[in-house]
Structure formats: structure tokens, C-alpha cells
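Reading through the C-alpha cells given below for one structure.
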Amino acid sequence: MEENIFFQIDKIKSIGKNVIIGKTVRIRYPELVEIGDNVIIDDFTYISTALKIHSNVHISAGCKIIGGKKAFVEMKEFSTLAPNVVLSAGTDDYLSGIATPLVPMSYKANARIGSIIINKHCIIGAGSVVLPDVVLEEGSGLGALSLAKRSLHEYTLYAGIPARQIKKRNKSEIQFLENKYRNEK
Ligand SMILES: CC(C)(COP(=O)(O)OP(=O)(O)OC[C@H]1O[C@@H](n2cnc3c(N)ncnc32)[C@H](O)[C@@H]1OP(=O)(O)O)[C@@H](O)C(=O)NCCC(=O)NCCS
């Protein structure tokens with residue numbers, strides 16, 4: 001593995017086999033990050049939450065997985081983030097409170113620190129944003145430049161701001177290909 005310039009790889013909580021992490025990836029709390037086998041995290045990605053990445057996951061260039069040390073994000077097998085996706089597992093209160101990390105939580109009104117769970121076979125299109133406490137159920141997808149404020153139903157494709165259902169994904173074909181991949185490995 002290439003030497004990483006923005007964090008110490010040996011501080012990562014756990015890391016599997018065949019993991020590629022771009023040289024310019026920045027992981028703020030590597031001790032809170034678990035990574036499975038066959039994972040790629042492309043350059044210019046920034047991670048500032050606790051994060052569990054299962055096997056066979058791709059995080060494309062320039063993604064931001066944010067929310068702070070107490071927030072949590074999980075990406076299950078065969079899930080993918082296209083470039084420039086923002087997973088915001090925490091958010092300030094945009095109506096009241098002081099919106100800066102420089103003050104204690106007691107000044108931040110209803111700021112939220114939560115989690116984002118991305119289940120198996122989910123795909124998130126380029127430039128999309130996912131807000132705290134959203135669950136992407138298995139096989140759900142989000143088009144490019146979309147905003148997920150609420151959880152997404154399984155094997156359903158959503159798009160737009162806020163994201164709305166636009167199509168069904170092909171569950172049986174995706175599951176068939178997963179089984180084929182596992183059998184042929
Ligand atoms: C979501 C997506 C896969 C849908 O593709 P598609 O099956 O060809 O969908 P269609 O073009 O038939 O669109 C269906 C409807 O959803 C709308 N729509 C599609 N993508 C949209 C998007 N990203 N945002 C808002 N609306 C979108 C279309 O305008 C259309 O609306 P209408 O029925 O009112 O005319 C595609 O548009 C997309 O966003 N892909 C992301 C690609 C990407 O980010 N790649 C990066 C590398 S992985």
C-alpha cells in the first residue's frame with residue numbers, strides 16, 4: 001500500500017486484504033474506522049466520523065463522510081459512492097442555536113449527531129447529499145445531485161431535491177449476479 005500523507009494507516013482500527021486508499025485521503029479518527037476486504041477509497045475523500053466499511057465497497061474521489069467523532073456511518077457489501085457524495089451523519093440546527101463547532105453542544109439547540117446506514121448493493125450518484133439518520137435499505141439508489149432527507153426503500157431508485165422514487169431496481173438480477181460472483185471467486 002502507498003504511504004498515506006494525511007493519517008497514519010497503522011492507527012486504523014481494522015483493515016482487510018486488498019484495500020486501496022488514495023494518498024490524499026484524510027481520515028480524521030482512524031481509530032474509529034473499520035475496513036473489510038476489497039475496498040477502494042479514492043483520492044480527496046475526507047472522513048470525520050466513526051465508519052464501518054464492509055467488503056467490496058468503493059468510495060469514489062472527493063467524497064465527504066462527516067459528522068464528527070460521535071456520528072456513525074456504515075457501508076455494507078457492494079455499496080458504492082460516486083464522486084463528490086456527502087454523507088452528513090451530523091448537522092447543525094439551521095433555525096436556531098449557534099452553528100459552529102467552536103461552541104459546546106449546549107449552544108447548538110437541536111443540532112443532530114446521528115448515523116447513516118447504507119445497506120448492501122446501494123448506489124449513490126455523483127454530488128448527492130444524505131442527511132443524518134437516513135437508512136438506505138438494501139439495493140436502494142440515489143441519482144446524481146440528489147438530496148436524501150428520509151430513508152430509501154429497498155431496490156428503489158430515487159432522484160431529485162428532495163429525493164423521490166423514480167424507478168424500481170432489478171432485485172433478482174442484482175442478487176443473481178452477487179451469487180455468481182461469490183461462486184466464481
Ligand atoms: C438516476 C438515474 C440512474 C436514472 O437514469 P434513467 O433510468 O435513465 O432515468 P430517466 O432518465 O428515465 O429518468 C426518469 C425520471 O427521473 C428524473 N431524473 C433522473 N435522474 C435524475 C436526477 N439525478 N435528478 C433529478 N431527476 C432525475 C428524470 O428527469 C425523469 O423524470 P420525468 O419522468 O419527470 O421525465 C440517472 O439519471 C442518474 O442520476 N445517474 C447517476 C449517474 C452518476 O452519478 N454516475 C457517476 C459514476 S457511478
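The figures here come from the full heavy-atom set of this structure, side chains too, leaving out hydrogens, waters and symmetry mates. Counting convention: from 1, in listed order, for ligands and their atoms alike. All figures in this text were calculated on a predicted structure; none of them were measured in a lab.
Using a 4.0 Å threshold on non-hydrogen atoms, atom 22 (C) of ligand 1 counts as touching the protein. Protein heavy atoms are absent from the 4.0 Å sphere centred on atom 28 (C) of ligand 1. Under the 4.0 Å distance rule, the nearest protein heavy atom to atom 39 (O) of ligand 1 falls inside the cut-off. Distance remark: protein heavy atom present below 4.0 angstrom from atom 46 (C) of ligand 1. Inside a 4.0 Å radius of atom 32 (P) of ligand 1 there is not any protein heavy atom. Atom 9 (O) of ligand 1 lies below 4.0 Å from at least one non-hydrogen atom of the protein. Inside a 4.0 Å radius of atom 12 (O) of ligand 1 there is at least one protein heavy atom. Within the 4.0 Å cut-off (strictly below), no protein heavy atom is located near atom 36 (C) of ligand 1.
A donor-acceptor contact under 3.5 angstrom links the side chains of Glu74 and His54, judged on distance only. The closest side-chain donor-acceptor pair between Asp42 and His58 falls under 3.5 angstrom. A donor atom on one side chain and an acceptor atom on the other are not found under 3.5 Å apart for Asn18 and Asp37.
Phe7 and Tyr29 have their aromatic ring centers separated by at least 6.0 angstrom.
Between Glu31 and Lys13 there is no salt bridge, since no side-chain nitrogen of the basic residue lies less than 4.0 Å from a carboxylate oxygen of the acidic one. Using a cut-off of 4.0 Å between Lys/Arg side-chain N and Asp/Glu carboxylate O, Asp43 and Lys23 are scored as not salt-bridged.
One option in Gly160, Gly143, Ala163, Ser60 has a heavy atom closer to atom 24 (N) of ligand 1 than any other, and that option is Gly160.
At a heavy-atom distance under 4.0 Å, atoms from both the backbone and the side chain of Ala126 approach ligand 1.
Heavy-atom contacts of Ala144 reach the following atoms of ligand 1: 22 (C), 23 (N), 24 (N), 38 (C), 39 (O), 41 (C), 44 (O) (cutoff under 4.0 Å). Counting the atoms of ligand 1 from 1 in the order shown, those under 4.0 Å from a heavy atom of Gly125 are 44 (O).
Screening Glu138, Lys171, Lys167 for a side-chain hydrogen bond (donor to acceptor under 3.5 Å, both in side chains) involving Tyr155 leaves a single residue, Glu138.
Once rounded to the nearest 0.5 Å, the distance linking CD1 of Ile53 with CD1 of Ile59 reads 4.0 Å.
Residue Leu145 places no heavy atom under 4.0 Å from ligand 1.
Relative orientation of the His121 and Phe78 rings is parallel, given thresholds of 30° and 60° on the angle between their planes.
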